[in-house]
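These figures come from a predicted structure and were not determined experimentally. Naming: A, B, ... by sequence-line order, numbering from 1 per chain.
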Amino acid sequence: MGVLAFFLLPSPATLAKPLHMKLATWNVNSVNARLPLLLEWFREAQPDVCGLQEIKCIDEKFPIEAFESLGYNCAVHGQKTYNGVAILSKFPMSDIRRGLPKADDDQDDHSRYIEAVIEAPEPVRFGCLYLPNGNPVHTDKYAYKLRWLERLHSHAEALLKLEEMTVLAGDFNIIPTKADLWKEGPWLDDALYQPAVRRAYQGLKNLGYTDAFEAHSTFSGSPEDNRYTFWDYQAGAWPKNEGIRIDHHLLSPQAADRLADVVIHKDTRGRTHDEAKPSDHVPVVVELTTKS
DNA sequence: ATGTCGATATGCTATCGA
């Protein structure tokens, strides 16, 4: 009978181990000012992939060696002083795109989008975005935000046609619903909470993308008591827990089918390390079930 | 509304963007 069991059970070599691939996003508000905290968090959390926003440096000043020493490959789309995005990945990356597609009359010199195929055993296309803030409304900054959302919509639509596992993650600068802020009043005139902006976010979902946090909260046995991802430096927002949820993962249907967990690393908002102060955003980590 | 940051050059204080 020992022989029978040997034949009926799959051997360890052929049994595909279920794995969880961790895909994170974090607006770091200067990668160099934040570096000691970032390295500490990467050692602990061990994300497979992490999109960074607001790195606030040109490519040449990105601390590539520090991340390589932790086992990450780096794809960087930097800019002097403002914006700047990057993808860190334990797996090799291919098909790297810097910037969203532009129409002929679009002028956009901000570094706000980078995308790569993560060459894991089951590849994932990962887009890292830093959507314009858009304040104050009724200015060209707000118009730029709306136009950027149109361009993101078009690109997101094109990506769905590839029928891949795709994750669009980043600082969307969009508060999707009333549940995603502590009090509505102060935000009614803010570009992060305008109906047109929230409608555009819903438009991305209507294409077929799933908001990972929203989906996870519908089947999570113990929903997180915190859903905020950002607390302003000003006016004591953090000690008063006056936060908002603006850092999101949108999943293609192929990725949404694998959604296993969403974790907001709230504790990093109160941490310091080697003189480095916390970012005003915290990392959000999505776990997808994948095969080895 | 504002109790804070970070990068920069207008450069040891002010300005911008968030």
Side-chain angles (χ1 to χ4, degrees), chain A residues 25-41 51-64 66 76-86 107-113 128-149 152 169-176 180-194 197-198 201 228-248 265-284:
Chain A
T25 180
W26 195 359
N27 178 322
V28 294
N29 184 22
S30 171
V31 67
N32 285 308
R34 218 62 62 208
L35 194 57
L37 281 162
L38 295 183
L39 298 178
E40 180 185 56
W41 183 77
L52 303 180
Q53 301 89 36
E54 279 202 273
I55 63 172
K56 289 187 170 179
C57 66
I58 57 175
D59 293 6
E60 292 73 21
K61 294 198 174 168
F62 188 90
I64 285 180
V76 182
H77 184 33
Q79 182 183 333
K80 190 176 178 183
T81 312
Y82 305 119
N83 313 314
V85 286
Q107 41 186 3
D108 183 4
D109 55 358
H110 292 193
S111 297
R112 296 181 175 275
Y113 186 80
C128 166
L129 64 98
Y130 176 46
L131 227 137
N133 174 295
N135 276 306
V137 294
H138 309 303
T139 65
D140 55 352
K141 290 184 181 180
Y142 185 66
Y144 173 63
K145 180 177 197 168
L146 294 180
R147 174 60 195 147
W148 209 92
L149 272 162
L152 178 63
D171 176 1
F172 282 69
N173 269 315
I174 298 173
I175 304 166
D180 298 311
L181 40 67
W182 86 97
K183 189 165 68 173
E184 199 173 34
W187 294 96
L188 288 173
D189 294 324
D190 195 285
L192 278 62
Y193 196 59
Q194 290 309 293
V197 166
R198 291 155 58 199
Y201 189 70
Y228 303 149
T229 66
F230 168 92
W231 293 260
D232 202 306
Y233 288 123
Q234 298 185 70
W238 168 243
K240 290 191 283 189
N241 195 32
E242 293 181 346
I244 53 177
R245 185 173 79 94
I246 55 176
D247 299 275
H248 312 303
H265 289 234
K266 181 181 181 180
D267 63 300
T268 61
R269 185 61 181 81
R271 275 203 221 171
T272 59
H273 189 67
D274 286 352
E275 314 274 314
K277 297 172 182 176
S279 172
D280 41 5
H281 296 249
V282 299
V284 184

Using the [atom1] atoms only, state how far [M] lies from [N], rounded to an integer number of Å.
| N | M | atom1 | answer |
| --- | --- | --- | --- |
| B/dC5 | B/dT10 | P | 26 Å |
| B/dA7 | B/dG3 | P | 23 Å |
| B/dT2 | B/dG6 | P | 22 Å |
| B/dA1 | B/dT13 | P | 31 Å |
| B/dC16 | B/dG11 | P | 14 Å |

Of A/Cys57 and A/Pro239, the one whose closest DNA chain B nucleotide lies more 5':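 This one resolves to A/Pro239.
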
Need to verify one output field. Residue with the more 5' nearest nucleotide on DNA chain B, A/Ile55 or A/Asn135?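 This one resolves to A/Ile55.
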
Opening and closing nucleotides of DNA chain B in contact with chain A, under 4.0 Å to non-hydrogen atoms: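 In short, chain A contacts DNA chain B from B/dA1 to B/dA18.
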
Under 4.0 Å, counting only non-hydrogen atoms across every strand here, what does A/Phe230 touch: a base, just sugar-phosphate, or nothing?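 Answer is nothing: A/Phe230 stays at 4.0 Å or more from every strand.
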
Considering every strand and a 4.0 Å limit on heavy-atom distances, what is the contact class for A/Lys240: base, sugar-phosphate, or nothing?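 If one applies the 4.0 Å heavy-atom cut-off, A/Lys240 turns out to touch a base.
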
Quick one: pull up [atom1] in [X] and [atom2] in [Y] and give me the separation to the nearest 0.5 Å.
| X | Y | atom1 | atom2 | answer |
| --- | --- | --- | --- | --- |
| A/Thr25 | A/Leu52 | OG1 | CG | 8.0 Å |
| A/Ile55 | A/Lys61 | CD1 | NZ | 12.5 Å |
| A/Gln53 | A/Asp247 | CD | CG | 6.5 Å |

Under 3.5 Å donor-acceptor, A/Arg34 side chain and A/Lys277 backbone: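 At least one qualifying donor-acceptor pair exists.
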
Just jot down the salt bridge (charged side-chain N to carboxylate O under 4.0 Å, His left out) partners of A/Glu60, sequence neighbours excluded, or say none.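 Not a single residue meets the salt bridge (charged side-chain N to carboxylate O under 4.0 Å, His left out) criterion with A/Glu60.
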
Residues forming a side chain to side chain contact (heavy atoms under 4.5 Å, CB included) with A/Thr81, sequence neighbours excluded: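 Testing A/Thr81 for side chain to side chain contact (heavy atoms under 4.5 Å, CB included), a comparison that skips the adjacent residues, returns none.
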
Are A/His265 and A/Trp41 close enough that their ring centres sit under 6.0 Å apart?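 Yes, close enough.
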
Looking at residues at least two apart in the chain, or sitting in another chain, which of them share a side-chain hydrogen bond (donor to acceptor under 3.5 Å, both in side chains) with A/Tyr130?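 Expected list: A/Glu54.
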
Check side-chain hydrogen bond (donor to acceptor under 3.5 Å, both in side chains) between A/Asn135 and all other residues, then give those that pass, not counting sequence neighbours.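 With neighbours one apart ignored, the set is A/Asn133, A/Asp190.
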
Of all of residues 28-37 of chain A, which get a heavy atom below 4.0 angstrom from DNA chain B, listed by number?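 Residues of residues 28-37 of chain A that come under 4.0 Å of DNA chain B are, in numerical order, A/Asn29, A/Ser30, A/Ala33, A/Arg34.
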
